[in-house]
There are 2 protein chains.
Amino acid sequence: MSGYAPSEAARRSGFSLDTLRYYEKIGLLADVERTAGGQRVFTDDDLGWLVLFRCLRDTGMPIAQMRRYAQLARDGEHTTDERHELLCHHAARVEEQMRLLQRQYDHLREKIRFYERLPATAPGPEAGHRHLERVSKPSTEASTHALNE
Amino acid sequence: MSGYAPSEAARRSGFSLDTLRYYEKIGLLADVERTAGGQRVFTDDDLGWLVLFRCLRDTGMPIAQMRRYAQLARDGEHTTDERHELLCHHAARVEEQMRLLQRQYDHLREKIRFYERLPATAPGPEAGHRHLERVSKPSTEASTHALNE
DNA sequence: GCTTGACCTGGAGCGCGCTCCAGGTTGGAG
DNA sequence: CTCCAACCTGGAGCGCGCTCCAGGTCAAGC
């Protein structure tokens with residue numbers, strides 16, 4: 001049921017072998033079990049941690065903070081409040097991140113629509129979109145979204 | 001109307017002075033105007049580009065690709081198809097990114113809810129959540145989300 | 001017992017995107 | 001004319017998160 005070779009743990013978690021070793025080295029994964037000969041054996045619990053790290057990493061948490069969380073969890077049950085707070089703060093940052101990403105995605109879509117309104121490739125001599133993308137002397141990028149202030 | 005000092009351009013775009021110089025050096029911003037004495041003068045067009053770069057950067061486009069886009073735009077109107085395609089591919093990657101972020105955010109929320117179902121700090125001797133976060137010998141992280149395969 | 005591929009360690013290196021620095025120049029205010 | 005903050009250049013350095021390497025060990029199959 002539990003006890004995975006490094007390659008198996010890598011395959012299941014999606015992290016590379018080097019990354020697994022690195023995570024152990026810097027104290028994210030602590031005390032991974034070993035065979036008599038010194039080779040790592042990952043448990044289901046380790047894999048659970050890796051799933052969490054993937055989640056936190058994908059949402060942009062810096063490693064230092066993951067370390068802090070992992071350390072708190074190792075310190076015992078009296079740190080649950082702090083762990084909860086840490087995750088909540090992170091969640092708030094993720095929400096902000098999602099809002100920003102959505103906003104910039106909308107800008108990107110607008111820009112794409114600009115290209116889609118162009119009169120197809122090689123429009124002939126009339127070229128009727130000067131006001132949107134001026135190509136006169138040195139002007140190249142005219143989707144001059146109003147800037148702050 | 002146009003003609004901004006470096007500090008003003010930095011303030012308006014949100015990029016640092018160093019970043020503005022860097023972007024020019026690597027060919028993102030090409031041929032920024034200069035005073036007789038050699039100091040930069042940014043135009044509204046430059047600021048328009050910077051807004052676009054902010055959008056692309058915030059959505060995770062690597063600088064090499066931004067360079068490519070900028071170069072295409074400088075190459076003239078016959079590159080609009082390629083530019084359009086480049087942005088569309090990028091938009092698709094952004095959509096994937098948003099889906100992933102949302103998924104991992106949901107996981108994070110679930111984890112937070114786990115903490116919120118705990119019987120508050122210092123629950124006394126009964127401690128009734130062993131099955132959710134085993135704290136026996138070496139087990140620390142039990143939200144063992146099923147892994148792939 | 002031998003082979004072979006997976007694994008071990010410590011430490012160096014890398015790719016990205018800036019960021020900082022030293023040492024010198026510019027240009028507007030007083 | 002003087003001052004000083006803002007600007008210039010080329011190049012080095014940095015923080016992050018891995019990634020790679022050399023040189024050696026382990027263990028399962030034949």
Side-chain angles (χ1 to χ4, degrees), chain A residues 3-43 46-47 49-50 52-70 90 93 97 100-101 104, chain B residues 3-43 46-47 49-70 90 93 97 100 104:
Chain A
Y4 307 97
S7 58
E8 181 66 10
R11 200 183 57 74
R12 292 197 179 221
S13 68
F15 290 108
S16 75
L17 288 171
D18 271 321
T19 300
L20 293 180
R21 287 194 274 257
Y22 171 69
Y23 280 3
E24 184 180 1
K25 183 154 55 180
I26 64 173
L28 268 185
L29 286 178
D31 304 319
V32 174
E33 286 179 41
R34 305 296 182 112
T35 65
Q39 312 216 175
R40 289 178 182 79
V41 178
F42 293 85
T43 63
D46 293 328
L47 290 187
W49 274 105
L50 290 173
L52 178 61
F53 295 151
R54 158 69 23 85
C55 168
L56 297 177
R57 194 191 75 163
D58 284 352
T59 51
M61 182 183 282
I63 280 185
Q65 228 164 105
M66 290 197 239
R67 279 183 48 158
R68 173 151 181 66
Y69 180 88
H90 179 59
R93 280 191 300 273
Q97 194 190 154
L100 174 62
L101 192 53
Q104 298 292 38
Chain B
Y4 306 97
S7 58
E8 180 67 10
R11 199 183 57 75
R12 292 195 178 223
S13 68
F15 290 109
S16 75
L17 287 171
D18 271 321
T19 300
L20 293 181
R21 287 194 275 258
Y22 170 69
Y23 279 4
E24 184 180 0
K25 182 153 58 179
I26 64 172
L28 268 184
L29 285 178
D31 304 321
V32 174
E33 286 179 41
R34 303 297 181 111
T35 65
Q39 311 213 177
R40 288 177 182 78
V41 178
F42 292 86
T43 63
D46 293 327
L47 290 187
W49 275 103
L50 290 173
V51 168
L52 178 61
F53 294 150
R54 159 69 23 86
C55 168
L56 297 178
R57 196 192 71 163
D58 285 350
T59 51
M61 182 183 282
I63 281 186
Q65 227 164 107
M66 291 199 239
R67 278 182 48 158
R68 171 151 182 69
Y69 181 88
H90 179 58
R93 280 190 300 272
Q97 194 189 154
L100 174 62
Q104 298 292 40

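Note that the structure is a prediction, hence the values are computed from the model and not measured.
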- Task: Measure from the side-chain N and O atoms of B:Arg67 to the backbone N and O of B:Ile26, and report whether any donor-acceptor pair falls under 3.5 Å.
- Result: yes
Atom CD of B:Glu33 and atom C1' of D:dC7 are separated, to the nearest Å, by 17 Å
For residues A:Leu101 and B:Asp58, determine if any side-chain heavy atom of one lies less than 4.5 Å from a side-chain heavy atom of the other.
-> no
Comparing nearest nucleotides in DNA chain D, the 5'-proximal residue of the pair A:Pro62, B:Pro6 is B:Pro6
Atom CZ of A:Arg11 and atom C1' of C:dA6 are separated, to the nearest Å, by 15 Å
Report which part of the nucleic acid A:Ala36 touches: base, sugar-phosphate, or nothing (heavy-atom distance under 4.0 Å, all strands).
nothing
note: B:Met66, atom CE; C:dG17, atom P; distance rounded to Å ~ 7 Å
Open item on the list: Tell me whether the side-chain N/O atoms of B:Thr35 come closer than 4.0 Å to OP1 or OP2 in C:dT26.
Closed with: no
- Would you check if B:Ser13 and B:Leu20 make a side-chain contact, meaning some heavy-atom pair closer than 4.5 Å? yes
- Task: Evaluate the side-chain proximity of A:Tyr22 to A:Ile63: yes if any heavy-atom separation is below 4.5 Å, no if none is.
- Result: yes
Q | N or O in side chain of A:Thr19 less than 4.0 angstrom from D:dT19 OP1/OP2 | A | yes
Taken to the nearest whole Å, CZ/A:Phe53 to P/D:dC18 is 12 Å
A:Ile63 atom CD1 is separated from D:dT19 atom P, nearest whole Å, by 11 Å
note: A:Asp58, atom CG; D:dG17, atom C1'; distance rounded to Å ~ 14 Å
B:Ser16 has its side chain closest, among C:dT19, C:dC18, D:dA27, to C:dT19
Less than 4.0 angstrom between a side-chain N/O of B:Arg34 and OP1 or OP2 of D:dT9, yes or no?
yes
Of the candidates C:dG17, D:dC7, C:dA6, the side chain of A:Ser7 sits closest to C:dA6
### Message
Assess whether a salt bridge exists between A:Arg21 and A:Glu24, defined as any Lys/Arg side-chain N lying under 4.0 Å from an Asp/Glu carboxylate O.
### Response
no
Of the candidates C:dC7, D:dT19, C:dG27, the side chain of A:Gln39 sits closest to C:dC7
(request) Report yes if some heavy atom in the side chain of B:Leu50 is under 4.5 Å from a heavy atom in the side chain of B:Leu29; otherwise report no. (result) yes
Pairwise side-chain contact, B:Arg54 with A:Gln104, heavy-atom cut-off 4.5 Å (strictly under):
yes
Taken to the nearest whole Å, CG/B:Leu17 to P/C:dC21 is 15 Å
A:Met61 CE to D:dC18 P, in whole Å, measures 14 Å
Residues of residues 20-30 of chain A with a heavy atom under 4.0 Å from any atom of DNA chain C, listed by number, are A:Arg21, A:Lys25
- Message: So, does B:Arg40 get its side chain near the phosphate of D:dC8, meaning an N or O under 4.0 Å from OP1 or OP2?
- Response: yes
